[in-house]
Amino acid sequence: MNFLEKKICDEGVVLSSTVLKVDSFLNHQIDPEFMQQIGREIANRFQSEGITKIVTIESSGIAPAVFAGLELKVPVLFARKKKSLTLTEDLLTSTVYSFTKQEKNGISVSKKFVQSGDNVLIIDDFLAHGEAALGLADLVTKADAHIAGFGIVIEKSFQVGRRKLEEEGYRVESIARVKEMSTNGISFIQSEVM
Ligand code: G4P
Ligand code: NA
Ligand code: NA
C-alpha cells in the first residue's frame, strides 16, 4: 500500500459501496504535512511536462493543488462554483452536472488567469463520474490553453470518470485508485508509489 492508501484504510469511513468519507485529512480537516506529500507526488508525475499553471475547483481541490503548485513553482487557479462579488467580468463558464445532487451548477474562472500558451495541470480531490473534471477541462479549452493532464488524489475506479477522461485523450494520474469498497474493507488498483 502507498502512503495515501494506508491513510484511507486508517482514517477513511466507507459510507456505502460508492461513497468514501475522508474528512479527517481531505474534505474537512486538512493534514498539512500529509497534503504536502500528496502535492509533491502529483507534481513529480508532471515534473517534466512544462506545466505553467494548475487549475482546480473549490473547495477540496485547493489544498492538494496549492502543494503541487509550491513544488512546480506555478500559480494555482481555482474555479468558483458561486458567483463572486468581485469576479464579474470576462469570465469563462461551464456547467457541471452533479450525480449525487442531481443538479447542474455553473463553474467559472477569469479569462485573465488562464490563457493560450498555458500548459495546465488540472487537480481535484476525487474522480468519480468525471463531471467536475470535464467541466474544468472545458474551461481550460475555452481559454485556448493546453491540458497536460489530471492529477487526482482519490479515484473511484469503479465509476466512469477515468474512462471518460482517457477517451478524450487525457493523461490521468491518481495517487489512490479505489477498486472496490464495502464496510468490510477497501481494495486498490496497485500503484508503484510507496
Ligand atoms: P459524483 O460525481 O459522485 O456524482 O459527485 P458530484 O459530481 O455530485 O460531486 C459532489 C461532491 O462529492 C464533489 O465535491 C466530489 O468531489 C465529491 N465526491 C464524489 N464522490 C465522493 C466520495 O466518494 N467521497 C467524498 N468524500 N467525496 C466525493 P464538492 O461538492 O465539489 O465538494 P468540495 O470540493 O467542496 O469538498
Ligand atoms: Na469534494
Ligand atoms: Na472537488
Can you find a pair of side-chain heavy atoms, one from I123 and one from F150, that are under 4.5 Å apart? no
V13, M181: one ILVMFWY side-chain cluster at the under-4.5 Å cut-off? no
Heavy atoms only: give me the nearest G151-L121 pair and the separation to one decimal. N-CD1, 3.8 Å
Indicate, with yes or no, if M1 and I38 share a hydrophobic cluster defined by side-chain heavy-atom contacts under 4.5 Å among Ile, Leu, Val, Met, Phe, Trp and Tyr. yes
Got F78 and V55 here, is their nearest side-chain heavy-atom distance under 4.5 Å? no
Please report the interatomic distance CD1(I189) to CD(E5), rounded to the nearest 0.5 Å. 10.0 Å
Flag if over 12 foreign heavy atoms under 6.0 Å of CD, E103: yes
Set of side-chain hydrogen bond (donor to acceptor under 3.5 Å, both in side chains) partners for D90, sequence neighbours left out: none
Is there a path of hydrophobic side-chain contacts, each under 4.5 Å between heavy atoms of I/L/V/M/F/W/Y residues, joining I42 to F34? yes
pair L91-V109: side-chain heavy atoms closer than 4.5 Å: no
Okay, side chain of S174, backbone of R177: is any donor-acceptor separation there less than 3.5 Å? no
Decide yes or no on salt bridge (charged side-chain N to carboxylate O under 4.0 Å, His left out) for E49 and R171, but give the supporting numbers first. CA-CA 11 Å; E49 295 296 313; R171 173 180 172 197; 3.7 Å; yes
Under the 6.0 Å and 45° cation-pi test, does K53 pair with F113? no
Residues T93 and L139: closest non-hydrogen pair is C-CD2, 3.5 Å
Rounded to the nearest 0.5 Å, how far apart are CZ of R80 and OG of S108? 7.5 Å
Using only atom types and a distance under 3.5 Å, with no angle test, would you say the side chain of N119 pairs donor to acceptor with the backbone of G50? yes
Any M35 side-chain heavy atom under 4.5 Å of D31 side chain: no
Pairing residues for S187 by the side-chain contact (heavy atoms from CB on, under 4.5 Å) criterion, not counting sequence neighbours: K179, E180
Backbone of K156 reached by a side-chain donor or acceptor of Q159 within 3.5 Å: no
Is the shortest heavy-atom distance from the side chain of I122 to the side chain of T56 under 4.5 Å? no
Under a 3.5 Å cutoff, is there a donor and acceptor pairing between the side chains of D144 and S116? no
Residues K164, E168; criterion salt bridge (charged side-chain N to carboxylate O under 4.0 Å, His left out); working and verdict: CA-CA 7 Å; K164 281 204 224 162; E168 298 292 321; over 6 Å; no
Do other residues, nucleotides or ligands put more than 12 heavy atoms under 6.0 Å from the NZ atom of K21? no
Taking the side chain as every heavy atom from C-beta outward, state whether D124 and I57 have any pair of such atoms under 4.5 Å apart. yes
Are L77 and V153 connected in the hydrophobic side-chain network, where two residues link if heavy atoms are under 4.5 Å apart? no
Could you give the distance from CD (Q29) to CD (E11), rounded to the nearest 0.5 Å? 8.0 Å
Closest heavy-atom pair, A43 versus A68, reported as atoms and distance to 0.1 Å, is CB-O, 3.9 Å
Which value, rounded to the nearest 0.5 Å, describes the distance between E167 atom CD and L134 atom CG? 10.0 Å
What about F99 and V19, same hydrophobic cluster or not, with Ile/Leu/Val/Met/Phe/Trp/Tyr joined at side-chain heavy-atom distances under 4.5 Å? no
Do E155 and F126 have side chains that get closer than 4.5 Å, going by heavy atoms? no
Could you tell me which non-hydrogen atom of Y97 sits nearest to which non-hydrogen atom of Q102, and how far apart they are? OH-CA, 3.5 Å
About how many Å separate OG of S157 and CG of L127, when rounded to the nearest 0.5 Å? 8.0 Å
To the closest 0.5 Å, what do you measure between OG1 (T95) and CD1 (I107)? 8.0 Å
Identify the heavy atoms of V114 and A143 that sit nearest to each other, and give their distance. O-CB, 3.3 Å
Under a 3.5 Å cutoff, is there a donor and acceptor pairing between the side chains of N27 and S60? yes
Under a 4.5 Å cut-off applied to non-hydrogen side-chain atoms, are I154 and I175 in contact? no
Kindly indicate, with the supporting measurements, whether the criterion side-chain contact (heavy atoms from CB on, under 4.5 Å) is fulfilled by F25 and I30. CA-CA 4 Å; F25 65 92; I30 290 165; over 6 Å; no
